[in-house]
Protein chains: 2
Amino acid sequence: MRQLKSSRQPKVSKHPPGGFCPRFHRAVELIGRRWTGAIVRVLMGGPQRFNELLNTVPGLSDRLLSERLRELEGEGLVRREVDPGPPVCVSYHLTQSGSSLEPVIASLGSWAERWMRA
Amino acid sequence: MRQLKSSRQPKVSKHPPGGFCPRFHRAVELIGRRWTGAIVRVLMGGPQRFNELLNTVPGLSDRLLSERLRELEGEGLVRREVDPGPPVCVSYHLTQSGSSLEPVIASLGSWAERWMRA
DNA sequence: ACCAATAGCTTACCAAAAGTAAGCAAACTA
DNA sequence: TAGTTTGCTTACTTTTGGTAAGCTATTGGT
């Protein structure tokens with residue numbers, strides 16, 4: 001039984017629930033990497049500095065924060081901004097694509113409140 | 001500077017965006033584990049058998065599928081059902097909590113369509 | 001009856017990711 | 001000038017993920 005391939009392939013809807021969607025997959029694997037969701041959620045509150053993020057997310061190490069921030073920058077969700085004071089001050093803030101994750105974060109938040117055991 | 005602790009702690013809103021929310025964190029780390037998001041999304045289309053899932057999600061191995069399904073079962077998002085035919089037939093389907101992830105999946109899907117490079 | 005294939009897994013092993021610890025330059029603080 | 005904070009990087013260990021094989025039970029073919 002080779003998956004009933006002929007009866008699928010609707011062509012009317014690009015991504016029926018119940019199928020595999022590459023973009024969705026890449027998105028969930030990106031924000032699902034360890035700590036990334038928490039970091040993005042914190043950045044929703046406005047620009048944050050490295051150590052602010054570090055102190056806000058319990059258990060997160062500086063090494064991983066650095067790595068995750070660079071990944072998010074690479075994907076265009078976060079921008080790193082250096083304000084040459086002095087003192088120099090580095091802040092991270094969401095780009096437009098990052099900010100537009102807000103409804104996603106919010107609905108997952110509601111789900112978590114309703115269904116996750118504390 | 002120890003985080004301006006006194007000026008935070010609003011107590012009016014349980015989880016201001018910009019803070020850390022343990023339940024949100026647990027939720028995003030759960031569905032963000034590798035392949036889990038894709039598996040849940042496929043299950044949104046209705047109950048699926050082990051090998052259906054395996055064939056639908058490209059790159060997913062049987063070992064990891066088995067592991068992820070048991071995790072999701074443990075968290076109560078998925079139920080494993082054995083129909084003793086014969087032939088026996090195992091299917092996996094979302095529970096109520098699993099199904100109620102639908103808006104989350106949908107909004108992340110929209111975001112991915114808009115912002116993820118294919 | 002015999003052989004191969006498919007479903008639904010488990011076990012063993014190796015590679016990649018994450019966690020831990022330390023270090024480090026530049027700036028500021030006492 | 002000694003010590004602290006910021007914003008990282010490098011080295012090393014542990015945990016997680018990936019690959020391959022195997023295994024029982026059933027089904028389909030010859």
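Sequence lines set the chain letters: A, B, ... in the order given, protein chains first and strands last, and positions in each chain run from 1. Note: hydrogens, waters and symmetry copies are ignored here, and every other heavy atom, side chains too, is used.
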Check the phosphate of [N] against [X], side-chain N and O only, distance under 4.0 Å to OP1 or OP2. Yes or no?
| X | N | result |
| --- | --- | --- |
| A:R68 | C:dA18 | yes |
| A:S66 | D:dT9 | yes |
| A:Y92 | D:dC8 | yes |

Rounded to whole angstrom units, what separation is found between the [atom1] atom of [X] and the [atom2] atom of [N]?
| X | N | atom1 | atom2 | answer |
| --- | --- | --- | --- | --- |
| B:E52 | C:dT6 | CD | P | 15 Å |
| B:E71 | D:dG17 | CD | P | 7 Å |
| A:N51 | D:dT5 | CG | P | 10 Å |
| B:F50 | C:dG8 | CZ | P | 8 Å |
| A:L54 | D:dT6 | CG | P | 10 Å |
| B:E73 | C:dG8 | CD | C1' | 14 Å |
| A:L60 | D:dC8 | CG | C1' | 13 Å |
| B:L65 | D:dG17 | CG | P | 13 Å |

So do the side chains of [X] and [Y] get within less than 4.5 Å of each other, counting heavy atoms only?
| X | Y | value |
| --- | --- | --- |
| A:L60 | A:L53 | no |
| A:L108 | B:V28 | yes |
| B:L30 | B:E75 | yes |
| B:E113 | A:F24 | no |
| A:R41 | B:F20 | no |
| A:R26 | B:R117 | yes |

How close do A:P47 and A:E52 get, counting heavy atoms only, and between which atoms?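 That would be O-OE1, 4.5 Å.
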Determine whether a donor-acceptor pair (N or O, by modelled atom type, separation under 3.5 Å) exists between the side chain of A:S100 and the backbone of A:Q96. yes
If you take any heavy atom closer than 4.0 Å to DNA chain C, which residues from residues 25-35 of chain A end up in contact? A:R33, A:R34, A:W35
From the set D:dC8, C:dT10, D:dT6, return the single nucleotide nearest to any side-chain atom of B:R70. C:dT10
Of the listed nucleotides D:dT6, C:dC9, D:dC8, the one nearest the side chain of A:R49: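 Closest of the options to the side chain of A:R49: D:dT6.
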Inter-end axis angle, the helix from C:dA1-D:dT30 to C:dA30-D:dT1, with every axis fitted to five base pairs (rounded, 10 degrees): 10°
A:R70 bridged to A:E73 by N-O distance under 4.0 Å: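 A:E73 and A:R70: not salt-bridged.
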Thinking salt bridges, do B:R68 and B:E71 make one under a 4.0 Å N-O criterion? yes
Can you tell me which residue among A:R80, A:R49, A:Q48 is in a side chain to side chain donor-acceptor pair (under 3.5 Å) with A:Y92?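 It is A:R80; the other options fail the test.
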N/O to N/O distances under 3.5 Å, protein versus nucleotides 20-24 of chain C:
{"from": "C:dT20", "atom 1": "O4", "to": "A:R63", "atom 2": "NE", "distance (Å)": "3.1"}

Which residue is it: B:L101, B:L77, B:V78? I am looking for the one with a side-chain contact (heavy atoms from CB on, under 4.5 Å) to B:L43. B:V78
